[in-house]
Novice: 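Before we start, here is the structure in question, set down as structure tokens.
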Amino acid sequence: MKIAYMGSGTFATNILDKLLLEDNIQITKIITQPAKPFGRKKQLLATELKQFVDSNNLDIPTFECSNSKQILEILEPGEVEFLVVCDYGVLLKQAVLDLPSKYCLNVHGSLLPHLRGASPVQMTIYNQDQLAGICVQEMVLKLDAGPVFMSDSYEVDFTETTPGLIQKLSIMGANILIKTLNQILDENLKPVEQNASEATFCSKIPKEMGCVNFLEHDAKQIFAAFRAFISWPGIYFTHGDVVYKILDCKIVSDLDLKPGEFSFSKKQMFVGCLNGTLEILKIQPQGKKEMDVSSFVAGYKSRFV
RNA sequence: CGCGGAGUAGAGCAGUGGCAGCUCGUCAGGCUCAUAACCUGAAGGUCGGUGGUUCGAAUCCACCCUCCGCAA
């Protein structure tokens, strides 16, 4: 079968990697987002999917498109049976959804209709959900509202991080995607409509969501935010007009502190939260390099007592 | 010309013109059943670089190098 593949990030890259191993699947074209300026020097950085294509010397035409119009110039109607979209980040117009002769499919990192939107995996962890999941849905104009062909779920524990969960879900997603594709062709598999009344939503994660306040949040919530936002945006707090990123932390149970109270030993740093206590293990003050907490205690302790 | 912080002992930080400091680490010794605890002592510096101002510069000026936060 002929497939055109659209995507950008880790999720899309992992799934593509698995699709390439299937003998009966022929990926004829890859579409990804244009390289965007990144970092302090605004260097252009290609998407992870594009880097994957280049570093593996894949012999598949790869295009960079930022909108539906550009996609329509690349793909002819009926040219492929499926258009598979993972982690692309742009709403597609109906004309694009109509391009494949069979279906336009999307692999989404939650159990739809829960967590429709841009950040399902992060929010699964942030919300401390017990069950993570993955769906293959038919794409419709309304975001992540299409009928579902197949899904799979995974029980998360309270130490799971976003990169770890993406890794697991993308492998599961690739498996059900391949099953879905084959069953549509062999058995004319039909999708099941979502129950729209149960839908929940998640948006792109703004930087401010990583701001933690020890007076207002539980240690569990902060630890969940840390695990959810570990690659972006990260979590941070302010103290005395200085921003501190928390780069590693854990919950401790044998120490009771008032909310917002800091406690230090020679090599350890603890902070009381609304409920519970957090130990900070790695930290980065604004304008400084990241440092382990024993270095931090040596130089910064005096600002916290 | 996007905005901003920073470079001082192995690490992290003070130090705004007059003898180079603090905490931690390291080493030696002591205390202790014992210790990441405590006590005593020691080693360890071209204050990022170059030039300038000055009787005198870590400190003021100019340029350069490097690291980082924000923004995108």
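Predicted model, so just to flag it, every value in this text is computed and none were measured. Lettering follows sequence order; numbering is per chain, from 1.
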Novice: Name the orientation class of the two ring planes belonging to A:Phe262 and A:His239 (parallel below 30°, tilted from 30 to 60°, perpendicular beyond 60°).
Specialist: perpendicular
Novice: With both distances kept under 3.5 Å, what pairs with B:U35, Watson-Crick or G-U wobble?
Specialist: none
Novice: Across all strands shown, which nucleotide pairs with B:U26 by Watson-Crick or G-U wobble geometry, both distances under 3.5 Å?
Specialist: B:A42
Novice: Measuring only the C1' atom in each nucleotide, how far is B:C31 from B:C39? A whole number of Å is fine.
Specialist: 7 Å
Novice: Whole angstroms only, please: what is the CG-C1' distance between A:Asp241 and B:G5?
Specialist: 14 Å
Novice: Residues two or more places apart in sequence or in another chain: which of them pass side-chain contact (heavy atoms from CB on, under 4.5 Å) with A:Val242?
Specialist: A:Tyr244, A:Gln286
Novice: Name all residues meeting the side-chain contact (heavy atoms from CB on, under 4.5 Å) criterion together with A:Ser302; count only those two or more places apart in sequence or in a different chain, and write none if there are none.
Specialist: none
Novice: C1' atom, B:U8 versus B:U23: distance in rounded Å?
Specialist: 15 Å
Novice: Do A:Asn56 and A:Asp17 meet the criterion of a side-chain donor-acceptor pair at a distance under 3.5 Å?
Specialist: no
Novice: Select from A:Lys267 and A:Glu290 the residue whose nearest nucleotide in RNA chain B is closer to the 5' end of that strand.
Specialist: A:Lys267
Novice: Can a side-chain donor-acceptor contact be found between A:Thr32 and A:Thr47 if the only test is distance below 3.5 angstrom?
Specialist: yes
Novice: Which value, in whole Å, describes the distance between the P atoms of nucleotides B:A57 and B:C47?
Specialist: 12 Å
Novice: Considering only the C1' atoms, how many Å lie between B:A28 and B:A43, rounded to the nearest integer?
Specialist: 10 Å
Novice: What is the distance, to the nearest angstrom, from the CG atom on A:Leu44 to the C1' atom on B:A72?
Specialist: 12 Å
Novice: Set out, line by line, the N/O atom pairs under 3.5 Å between protein and nucleotides 38-44 of chain B.
Specialist:
unit_1 : atom_1 : unit_2   : atom_2 : d
B:C38  : OP2    : A:Lys266 : NZ     : 2.8

Novice: Checking A:Gln130 against A:Glu155: is there a side-chain donor and acceptor pair closer than 3.5 Å?
Specialist: no
Novice: How far, in whole Å, is B:G41 from B:A58 if one measures between their P atoms?
Specialist: 29 Å
Novice: It should be established whether A:Lys36 places a side-chain nitrogen or oxygen under 4.0 Å from OP1 or OP2 of nucleotide B:A72.
Specialist: no
Novice: When you match A:Gly287 and A:Glu208 each to their closest nucleotide on RNA chain B, which lands nearer the 5' end?
Specialist: A:Gly287
Novice: Categorize A:Lys245 for me: base, sugar-phosphate, or nothing, with a 4.0 angstrom heavy-atom threshold over every strand shown.
Specialist: sugar-phosphate
Novice: Do A:Phe304 and A:Phe296 have ring centres separated by under 6.0 Å?
Specialist: yes
Novice: With P as the reference atom in both, quote the distance from B:G56 to B:C19 in angstrom, rounded to an integer.
Specialist: 16 Å
Novice: Could you list all N or O pairs between the protein and nucleotides 12-16 of chain B that sit under 3.5 Å apart?
Specialist:
unit_1 : atom_1 : unit_2   : atom_2 : d
B:G12  : O2'    : A:Ser295 : O      : 3.0
B:G12  : N2     : A:Ala298 : O      : 3.1
B:C13  : OP1    : A:Tyr300 : OH     : 3.0
B:C13  : O3'    : A:Arg303 : NH2    : 2.8
B:C13  : O2'    : A:Gly299 : O      : 3.3
B:A14  : OP1    : A:Arg303 : NH2    : 2.4

Novice: Report the distance from atom OH of A:Tyr236 to atom C1' of B:C70, rounded to the nearest whole Å.
Specialist: 11 Å
Novice: Grab the CD-P distance between A:Glu279 and B:A36 for me, whole Å please.
Specialist: 19 Å
Novice: Can you sort out the partners of A:Leu189 under side-chain contact (heavy atoms from CB on, under 4.5 Å), two or more places apart, ordered by chain and number?
Specialist: A:Phe149, A:Met150, A:Thr180, A:Gln183, A:Ile184
Novice: Both distances below 3.5 Å, Watson-Crick or wobble geometry, any strand: find the nucleotide opposite B:G21.
Specialist: B:C13
Novice: What is the pairing partner of B:C60, taking Watson-Crick or G-U wobble pairs with both distances under 3.5 Å in any strand?
Specialist: B:G52
Novice: Could you state the CG-P distance from A:Asp292 to B:G25, rounded to the nearest angstrom?
Specialist: 13 Å
Novice: Say we look at B:A62 and B:G4: how far apart would their P atoms be, to the nearest angstrom?
Specialist: 15 Å
Novice: With A:Arg227 as the cation and A:Phe229 as the aromatic partner, state whether NZ or CZ is under 6.0 Å from the six-membered ring centre and within 45° of the axis.
Specialist: no
Novice: With no hydrogens and no angle check, do the side chains of A:Glu48 and A:Thr10 hold a donor and an acceptor under 3.5 Å apart?
Specialist: yes
Novice: Expressed as a whole number of Å, how far does the P atom of B:G7 sit from that of B:A42?
Specialist: 29 Å
Novice: ring-ring contact (aromatic ring centres under 6.0 Å, His included) with A:Tyr88: which residues, sequence neighbours excluded?
Specialist: none
Novice: Applying the Watson-Crick and G-U wobble criteria at under 3.5 Å, what pairs with B:C70? Answer none if nothing qualifies.
Specialist: B:G2
